[in-house]
Number of protein chains: 2
Amino acid sequence: MKAEINNRVRLEDIARTLKLSIATVSRAMSDSSRVKQETKNKVLAIAEEMGYRPNQIAKSLSSGKTNILGVIIPRYDEPFFIEVCRGIDYYARKHNYRILISSSRNSFNYEKENVLAFERGTVDGVAMCFTHETNSFEHVEELIDRKMPLVLFDNINHKIDGAGHVKIDDFSSAIKAVEDLIKHKNESIGYIGGTSKKSVFNKRFDGFVEAHKKHQKSFKKQHVLNCKSYHQEHEFYEVFNFLSKLREMPNAFFCSTDNYAILCIKSLTKLGYKVPKDIEVIGFGNLHYSSMFIPELTCVSQPSFKMGEKVAEMLLNKIDNGFFVSDVDQDNEVVLPTKMVYRDTTR
Amino acid sequence: MKAEINNRVRLEDIARTLKLSIATVSRAMSDSSRVKQETKNKVLAIAEEMGYRPNQIAKSLSSGKTNILGVIIPRYDEPFFIEVCRGIDYYARKHNYRILISSSRNSFNYEKENVLAFERGTVDGVAMCFTHETNSFEHVEELIDRKMPLVLFDNINHKIDGAGHVKIDDFSSAIKAVEDLIKHKNESIGYIGGTSKKSVFNKRFDGFVEAHKKHQKSFKKQHVLNCKSYHQEHEFYEVFNFLSKLREMPNAFFCSTDNYAILCIKSLTKLGYKVPKDIEVIGFGNLHYSSMFIPELTCVSQPSFKMGEKVAEMLLNKIDNGFFVSDVDQDNEVVLPTKMVYRDTTR
DNA sequence: TTTAATAATACAAACGTTTACATTATAATT
DNA sequence: AATTATAATGTAAACGTTTGTATTATTAAA
């Protein structure tokens, strides 16, 4: 009855046709040395003829491997995360893995739900980036307890024992960028960034502070904005509002993402300032469209794609070596280099 | 031995602990009316205590459902596709499905490979957008033959029997946009678009032509560019090169994507023209960053997210109703409305 | 030829569920 | 108290593979 509806060809059908056992057919398909070449040829030919497609689910149940990597990102609509996914995918596909992306929609609850879903055995390993809300880690610790290979990336506020970590040095990168602004003899520098709950933003702000300290300069609290909004439009109004209310305008801005830099430039332009002539702006990220923006954005370039590749590499190592080996592995943290890209929003 | 390494809790373990049969435990987990409430409570409690996680693979093998939708997009690094994915994901998650995204990297061979992978039973249905290279359709017809629910979106050059189709009216949308430019009394209008191999671009160009015809106007062949490059930088040089070599500059440009519009504006700006004062530009898509661009982009707004939702809706209908019902279904094509968004690159 | 070695194939259990059917326990009816 | 209806649980097959072990066929050595 089921065969009537779902007429998939199975190993059994091939076996029956060729009067072989299922085992032999299975071994023939995987090119085992235990089956005669002639038989292999016959099996392959008839499989092709009958339109056989291996059932991946059955394979997975039997082998305990799905060849799928779970990827949890905070949101789809931030190009940085997509670039990382693209890097993960690129490396994964080379090694016969596919990726299952789950967005946690900036919510800790969704994140937990995503982790839970991956505990049901649909993936061989998990790569994830925490939301800004995440400050409790039982969910990932449980993942580790269950021997699920795990690699964290980008927004890492807390090192998880047994997990891999891939990130950049947000602190130093920010220092470098702000130092550039200081060297350009800017009297006062402002900061525009995302919610301080997110560790990458925090670290970038810390870098901003540190650069000032290092050069015995000070900055004004009223020149610092930690955006709370999430949608592009809301963010724009928050930035615009902040800038338009400023009594005295700083001579430069360091922004914790390219997007904030763009919102900043857009607002400044609306307010009648010229970038970079009146005010310099440096962003962080180096997204695709940053170089297409007018003026082209000077920023800290973050190796998003490479980050993804590295994440996948670590994850596949963990999967291949088994949990215990990688657990002892010293190399559970990778810090990727950033570099400054000078374009048209600085002088 | 396996239990030593992988100590996952199974229904059997719960059954043994409670001296019940696996069947009863299974039924208790799915809240079947055939098991006593008291027993259900006990099962749920002990499952929680033992940290039970259902094995999705085993479930899938038994039930024939994976609750995963396969999504094939030509590339990751085009925000339009990601928006569609986000829409698919949004609808899918509401209905207890997840999505497995595969990029075909603008290559027909990869596309076929992706389709093949989905024939191995890892997904309950497939949503896909053809690459610009795709002009043979055996691979998707085979998918249909194998009774795999299929919904195509965006770049549809060929209707596939039994598949769902979700698209916009590229032709009319383009006509409307170009008519606007004509009404603004622009003497001559240029066109910048992507490869003519991609049907959406072709249709948008056809709209460009049609608008001229309708208003008894003509356009110059040398004012038309079908970009062949793929990477952002290459595309920029191709556009810039094209524009800088133009003997006489048109008064306006209709571009087949927002990205081309941005490249166009950027090039024009470099060449000393003011947009929109000297030259008007209209894009197509309405991506997130289009409204952040300086000047803000006037464009045809394409409902990307909604398109994704619609794709998922059709796909889940096909999955739920079974192949045969939806095959006869009259409503196998949906054309979503676009609208013009007027901003700062037109007068 | 018979025996031993090895090549080729077959059998059957396992992976962790679901579910049709069978059985046993309980409650309702007489 | 016996009978019947029904509630609760159990047994076993099925989903489509893989793989350890057993069996049979073939070849090489005696």
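Hydrogens, waters and symmetry mates play no part in the numbers below; they use all other heavy atoms, side chains included. Since we're looking at a predicted model, the values are computed, not measured. Numbers restart at 1 for each chain; the letters A, B, ... are given by sequence-line order, proteins then strands.
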Taken to the nearest whole Å, NZ/B:Lys36 to P/D:dT6 is 19 Å
Nearest-Å distance, CG (A:Leu61) to P (C:dT17)?
9 Å
To the nearest Å, give me how far apart NZ (B:Lys59) and C1' (C:dT17) are.
9 Å
How long is the line joining CZ of A:Arg53 and C1' of D:dC15, in whole Å?
20 Å
Strictly below 4.0 Å, N to O, side chains only: are A:Arg105 and B:Asp89 in salt-bridge contact?
yes
Check this for me: does any side-chain nitrogen of one of B:Lys306 and B:Glu309 sit under 4.0 Å from a carboxylate oxygen of the other?
no
Should the pair A:Glu78-A:Arg75 be classified as a salt bridge under the 4.0 Å nitrogen-to-oxygen rule?
yes
Below 4.0 angstrom, which residues in residues 16-27 of chain A have at least one non-hydrogen atom near DNA chain C?
A:Lys19, A:Leu20, A:Ser21, A:Ala23, A:Thr24, A:Arg27
With rounding to the nearest 0.5 Å, note down the distance linking CD in A:Glu133 to NZ in A:Lys198.
11.5 Å
Any base atoms under 4.0 Å from B:Arg34, or only sugar-phosphate, or nothing? Heavy atoms, all strands.
base
Atom CD of B:Glu38 and atom P of D:dA7 are separated, to the nearest Å, by 17 Å
Nearest atoms (heavy-atom pairs only) where A:Leu315 meets A:Leu150:
CD1-N, 4.0 Å
Ion pair B:Glu113/A:Arg93, N-O distance below 4.0 Å
yes
Against the side chain of B:Thr39, the closest entry in D:dA8, D:dT17, C:dT18 is D:dA8
Whole-Å gap separating P (D:dG16) and CZ (A:Arg8):
8 Å
Name the orientation class of the two ring planes belonging to B:Phe108 and B:His139 (parallel below 30°, tilted from 30 to 60°, perpendicular beyond 60°).
perpendicular
Value in whole Å for how far the P atom of C:dT17 lies from CD1 of B:Ile14
8 Å
As a check of understanding: the bend across the helix from C:dT1-D:dA30 to C:dT29-D:dA2, end axes from five pairs, rounded to 10 degrees, works out to 60°
In whole angstroms, how far is the C1' atom of D:dC15 from the CG atom of B:Asn55?
13 Å
So, B:Lys40 and B:Asp31, do they make that salt bridge, N to O below 4.0 Å?
yes
B:Phe81 and B:Tyr76 aromatic centres sub-6.0 Å
no
With a 4.0 Å cut-off on heavy atoms, is B:Ser30 in touch with a base, just the backbone sugar-phosphate, or nothing at all?
nothing
